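It should be emphasised that the depicted structure is a prediction, and the values quoted were computed from it without experimental measurement. Counting starts at 1 for both ligands and their atoms, following the listed order. In this chain, residues are counted from 1 in sequence order.
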Amino acid sequence: MPLSKRSELVLLGTGGGPRIWAARSQPASALIVDGAVYIVDAGDGVTSQLAKSGIDTNAIKAIFITHNHSDHVADYGTLLLRTWQSGHPGPIKCFGPPPLKNMTNSYINYMDWDISLRIQHEARPDFKSMLNVIEIGATPSIHQDSNVKVDCLKVPHGEADPSYAYRFQIDDKIIVFSGDTSKSEGLIDFASHADILVHEVLNLDGVDAIIEKTYPGNDSFRQHIIQGHTTMSEVGEVASKAKVKTLVLNHFVPTGSPVLDKPDIWLNGVKETFKGPIIVGTDLQKILL
Ligand SMILES: [Zn+2]
Ligand SMILES: [Zn+2]
């Protein structure tokens, strides 16, 4: 059945992790439904990626943060501030785990000098009151409007607890974002028969190089990477068991490796365990629903 609403997924940033690199922007995605924009995660560079994608930031209805690791929220405040400064009339709903309210207020305090000046001398509307920050609690159903119904699921991501996956229902289409997670049986249920599963992916062959580049010999860091994420073959298993129609790989770890961050390597690592269509995500890629 064709969608009555024109819907599109835009991968704004696909690089997983906090290091500095040029290869990919940090994690962020946009879902555009009938002109309305929903953002999932807001890593470093999200505003410039939105601009490059030609997405109207005044049409942002809600932002969904999967968890508060910096690669997912580094430009959360920047996104809110520059969206306000670009004329968004509000409101914007911001969903995510605690302490998202505290983080939002801290950012507003951090930028208070600028915000106050612009309200006072440029007659801009109030900034804080256009934001509606909702910390996710025990209820899986978190948002519904005329375009989308959104549910969340707690996923295992090492010590980063809670971390969430999100499922968007748009008419009869289902799109699921894994967020950062190790292999999750719960996610298999949650993503059952999804039209698109956007899943993070780890190539274990790249872990040693990350440790060597940053903190040589740091075994805690190595364990964090290995235990908190989903390997290529596991991603395929999750997609197969969930019987998803299309698998979109995202949040690539390692990002920017001249040897490993190559489409064929990601594809070959996953296709042994998932026989359906696989999209190796790239920044600014647009996927019609
Ligand atoms: Zn991450
Ligand atoms: Zn994370």
Side-chain angles (χ1 to χ4, degrees), residues 9-30 39-46 49 63-79 94-100 103 135-136 152-166 176-184 186-187 190-191 197-204 206-207 209-211 213-215 218 220-232 234-235 238 247-257 260-261 266 269-270 280-283 285:
L9 163 67
V10 184
L11 304 177
L12 298 168
T14 56
R19 281 185 306 125
I20 297 172
W21 53 60
R24 299 172 185 268
S25 196
Q26 280 191 329
S29 303
I39 304 288
V40 178
D41 284 331
D44 182 17
V46 61
Q49 296 298 89
I63 298 167
F64 299 85
I65 300 296
T66 58
H67 65 301
N68 293 318
H69 268 150
S70 60
D71 50 328
H72 299 255
V73 292
D75 269 348
Y76 164 71
T78 312
L79 174 61
C94 308
F95 297 90
L100 193 64
M103 290 163 63
E135 289 182 348
I136 295 169
C152 68
L153 171 79
K154 235 178 108 174
V155 286
H157 182 37
E159 71 290 350
D161 182 32
S163 291
Y164 289 100
Y166 290 114
V176 174
F177 295 83
S178 71
D180 282 13
T181 181
S182 51
K183 188 186 176 191
S184 165
L187 185 65
F190 189 67
L197 171 61
V198 183
H199 204 297
E200 69 127 270
V201 64
L202 166 68
N203 184 341
L204 284 171
V207 175
I210 295 173
I211 306 300
K213 268 193 196 137
T214 48
Y215 309 104
N218 184 334
S220 301
F221 187 25
R222 183 194 314 272
Q223 290 310 314
H224 158 82
I225 294 174
I226 293 170
Q227 289 169 8
H229 297 283
T230 309
T231 65
M232 296 188 287
E234 288 175 336
V235 174
V238 169
L247 173 62
V248 176
L249 302 178
N250 185 37
H251 193 287
F252 296 92
V253 178
T255 276
S257 159
L260 297 177
D261 192 359
W266 296 116
V270 176
V280 179
T282 55
D283 285 11
Q285 186 168 11

Student: Rounded to 10°, how many degrees is the angle OD2/Asp180-the Zn ion (ligand 2)-NE2/His67?
Tutor: 90°

Student: Let me see the working for His69 and His224 under ring-ring contact (aromatic ring centres under 6.0 Å, His included), right down to the final yes or no.
Tutor: CA-CA 13 Å; His69 268 150; His224 158 82; 5.6 Å; yes

Student: Taking side chain to side chain contact (heavy atoms under 4.5 Å, CB included) as the definition, give me every residue that meets it alongside Asp283, ordered by chain and number, with sequence neighbours left out.
Tutor: Thr14, Arg24, Ser25, Gln49

Student: Please give the atom name: the N, O or S atom of His72 nearest to the Zn ion (ligand 1).
Tutor: NE2

Student: Look only at the side chain of Tyr76 and the backbone of Ser70, and say whether a donor-acceptor pair between them is shorter than 3.5 Å.
Tutor: no

Student: For the Zn ion (ligand 1), give me the closest N/O/S atom belonging to His251, just the atom name.
Tutor: NE2

Student: Checking side-chain contact (heavy atoms from CB on, under 4.5 Å) between His199 and each of Thr181, Val248, Asn250, Val176, which is the one that passes?
Tutor: Thr181

Student: Nearest 10°: the angle subtended at the Zn ion (ligand 2) by His69 ND1 and His157 NE2?
Tutor: 90°

Student: Mind running side-chain hydrogen bond (donor to acceptor under 3.5 Å, both in side chains) on Asp41 and Thr66 for me, showing each step along the way?
Tutor: CA-CA 6 Å; Asp41 284 331; Thr66 58; 2.9 Å; yes

Student: Report the name of the N/O/S atom of Asp71 located nearest to the Zn ion (ligand 1).
Tutor: OD2

